[in-house]
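Quick notes on the structure that follows.
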Number of protein chains: 2
Amino acid sequence: MKVTINDVAKLAGVSMKTVSRVINKEPSVRKKTYDIVMDAVNTLNYQPNLAARNLAGTSSFTVGLVYDNPNAYYVIDMQNGVLSRCKEEGYELVIHPCSYTDSNMEADFKTMIKRSRLAGLVLTPPLSEQNSIIDMLDEMGIHYVRVLSGRPSDEDQDTCIYVNDYAAAYEITAHLLSLGHKNIGFLCGDKEHKSTTERLEGYQAALKDHNIAINNALVYEGQYSFESGVEGAKALLGENNPLKITALLGGNDEMAAGALFASRLMGIEIPEQLSITGFEDSPFSRQTWPKLTTAHQANDVISQHAARLLFRKTRGARNQDKDIITTFTPSLVIRESSGPNSAS
Amino acid sequence: MKVTINDVAKLAGVSMKTVSRVINKEPSVRKKTYDIVMDAVNTLNYQPNLAARNLAGTSSFTVGLVYDNPNAYYVIDMQNGVLSRCKEEGYELVIHPCSYTDSNMEADFKTMIKRSRLAGLVLTPPLSEQNSIIDMLDEMGIHYVRVLSGRPSDEDQDTCIYVNDYAAAYEITAHLLSLGHKNIGFLCGDKEHKSTTERLEGYQAALKDHNIAINNALVYEGQYSFESGVEGAKALLGENNPLKITALLGGNDEMAAGALFASRLMGIEIPEQLSITGFEDSPFSRQTWPKLTTAHQANDVISQHAARLLFRKTRGARNQDKDIITTFTPSLVIRESSGPNSAS
DNA sequence: AGTTAAAATGACAACGCTGTCAATGTTCTG
DNA sequence: CAGAACATTGACAGCGTTGTCATTTTAACT
């Protein structure tokens, strides 16, 4: 019933160790031997036992995905991306949701790492942006790859995958400017996320490049949530829109959806009276009315590359994956929530 | 650096095996010994190595969660529920997304099970409802717990957690009936999901109990997706609403949101001209305008109980968890998308 | 062909734990 | 207080793999 490496070795007429070499793709195996062993592997439908490999080997075959993110779509995408690579490489994935406000997060973390010696960790924002965590991991000698908001100029292409929120926000803002908008509001997400400042700076840079004065009164400081989007829109547009805002950048799709909701309550027509844009292109940016103009962020692809980067570090010389992309720029997707400035 | 069971044994002045007994909560350990060992465990901050336990023991410490569901909110909730129990019990979770249309799903499945001998599996709809899969697992002798749509009368409380969609649909329909609606449309989800027929039957039963004739023209057969909700609403309400529908039950929140979207396109006011209800109470039922009346389904709690049920099976006599709930009925949540029938 | 270096393979211990079974303590019986 | 019965503990093998190092085979030279 249960097929072990010994069964394969016996069938192939070689030693256990040679089979081990074959399944680990070690170089010094004769082509002919390799084929014989692989035949045996296939006929027996052999699957190496993960627990044994993890126990015996120096490197482990499980990777961890750590996240602190309420956005289910984001988490699932990241998970699927990492998972797809894991499957290909024969790794196992252990997921670890946590809260960065939680005081015993650190202990929690260590427990996880101890229990199953990990090959490495994929960290997502905002945890990937916390120095205390990075330091801890460095100290413990744990491999990791960070997915975070940043620009190509940011160095450390060896442990980081950057999402260029700056450029994407610039592009969205430029889109709105090209539609004739001048008073453009901005709904900030959580301060803990680097993406918040990156997006804000991209927005400001675009305004500057188009010779529009930056007005801090147009910026609402909130969180990346629907409710915060509602609040932000009310705060910026309430009392008859004193700032004469004609376009609103949502910090992400949820905030944009919240702004959409608030606008409806205030009787503001979208996009006729107000353009609203999102960020991330999560499924529900297509499930609002009208559908959101947003910046598409390919989280599944991003996380696949994160996993590849991790494997490259982990398996050292054996694996020199060269086609890893380390900077991703979300791209503008124009839908129905943005339109020309009718006030101009 | 790395603390093993031997270190603990040495410090406690007992044998390795006794430490093993303590951490596995085996009965025949003297209280005094237990305390001494636990002290040692705590001072050394010992964490038993999972790979070693899985390799040496007869029962494994990893459970699998299998799903084929595009709904990110659902998956995350299920995952979190199972994960929280795993954490408490010292188990590890391996997630396994798959597609039931995929032809090599079965092989895939077996591979996963072979690679890491699993303590058991938590199956979610629609996979939990496929007999071919259940048979395969039975044949392989794998423990599992199924989460599926069903009623309390359904037996097999040992391997199944039932979600009483029938009762919930009945309740929603009764709610609409009490608001004076008579021509109530129904947007069916995927046929592959048992929940679809359960919800449909609940709806029909409520109509029947209120002496309203069942009209199959009011039922749209679609899928559990936003797009399908859009299509369904258009199909049922288009061409000037010939069926004089005043209320629409969405098969789930996504379909309801789709119906909301379609209504907006058709210039129908919600809830003034049409009531729309969802199902599941996923986050975005609160992020539509107006917010959806729906049935709250506590997926995280459900999956926690699923995990508990699995552990009870797995650990046999040692664990006689008696407070496991095996039937959950989603409960009506009234929000703004349903209102009195203005046509009456 | 004879020697030597290099490549390919194998024998065996070890990874950290649990299962088995034997050995020791402890309590109870008459 | 001896002896049985039971509760508690320990010694040791083994789970299925990989790492180390020794051995054999092949290739590359004189």
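The sequence lines fix the lettering, A, B, ..., with proteins before strands; numbering per chain opens at 1.
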Please report, rounded to the nearest Å, how far the [atom2] atom of [N] is from the [atom1] atom of [X].
X	N	atom1	atom2	result
A/Lys17	C/dA13	NZ	C1'	12 Å
B/Lys31	C/dT26	NZ	P	18 Å
B/Lys114	D/dG16	NZ	C1'	15 Å
A/Phe61	D/dT18	CZ	C1'	9 Å
B/Ile5	D/dA11	CD1	C1'	14 Å
A/Arg117	D/dT18	CZ	C1'	11 Å
A/Asn6	D/dG16	CG	P	9 Å
B/Ile23	C/dC17	CD1	P	7 Å

Measuring to OP1 and OP2 of [N], would you say a side-chain N or O of [X] lies under 4.0 angstrom away?
X	N	result
A/Ser28	C/dT9	no
B/Tyr34	D/dT9	no
A/Thr4	D/dG16	no
B/Asn24	C/dT18	yes
B/Ser20	C/dT18	yes
A/Thr18	C/dG10	yes
B/Thr58	C/dG19	yes
A/Arg53	D/dT18	yes

(message) Under a 3.5 Å threshold, yes or no: a donor from one side chain and an acceptor from the other, between A/Glu129 and A/Ser149?
(response) no
(request) Indicate whether any N or O donor in one side chain lies under 3.5 Å from an N or O acceptor in the other, for B/Thr326 and B/Gln157. (result) yes
(message) Need one value for A/Lys32: base, sugar-phosphate or nothing, where a base atom within 4.0 Å counts as base even if backbone is also close, heavy atoms only.
(response) nothing
Which nucleotide wins on minimum distance to the side chain of [X], given the candidates [options]?
X	options	value
A/Met16	C/dA13, D/dG14, D/dT20	C/dA13
B/Asn49	C/dC17, C/dA11, C/dC15	C/dC17
A/Arg30	D/dT9, C/dG16, C/dA8	C/dA8

(request) By nearest nucleotide on DNA chain D, pick out whichever of B/Gly13 and A/Gln47 is the more 5' one. (result) B/Gly13
(request) Check the angle between the aromatic planes of B/Tyr91 and B/Phe61 and answer parallel, tilted or perpendicular using the 30° and 60° thresholds. (result) tilted
(request) Taking the six-membered ring of B/Tyr144 (Phe, Tyr or Trp), confirm whether the NZ or CZ of B/Lys313 is under 6.0 Å from its centre and within 45° of its axis. (result) yes
(request) For B/Ala51 and for A/Thr33, locate the closest nucleotide of DNA chain C by heavy-atom distance; then report the residue assigned to the nucleotide nearer the 5' terminus. (result) A/Thr33
(message) Under 3.5 Å, is there any donor-acceptor pair linking the side chain of B/Arg21 to the base of D/dG10?
(response) yes
(request) Might you work through the side chain to side chain donor-acceptor pair (under 3.5 Å) test for A/Asn45 and B/Lys114, ending with a clear yes or no? (result) CA-CA 10 Å; A/Asn45 199 250; B/Lys114 275 190 189 173; 2.8 Å; yes
(message) With heavy-atom distances below 4.5 Å as the criterion, would you say the side chains of A/Ile5 and A/Val19 are in contact?
(response) yes
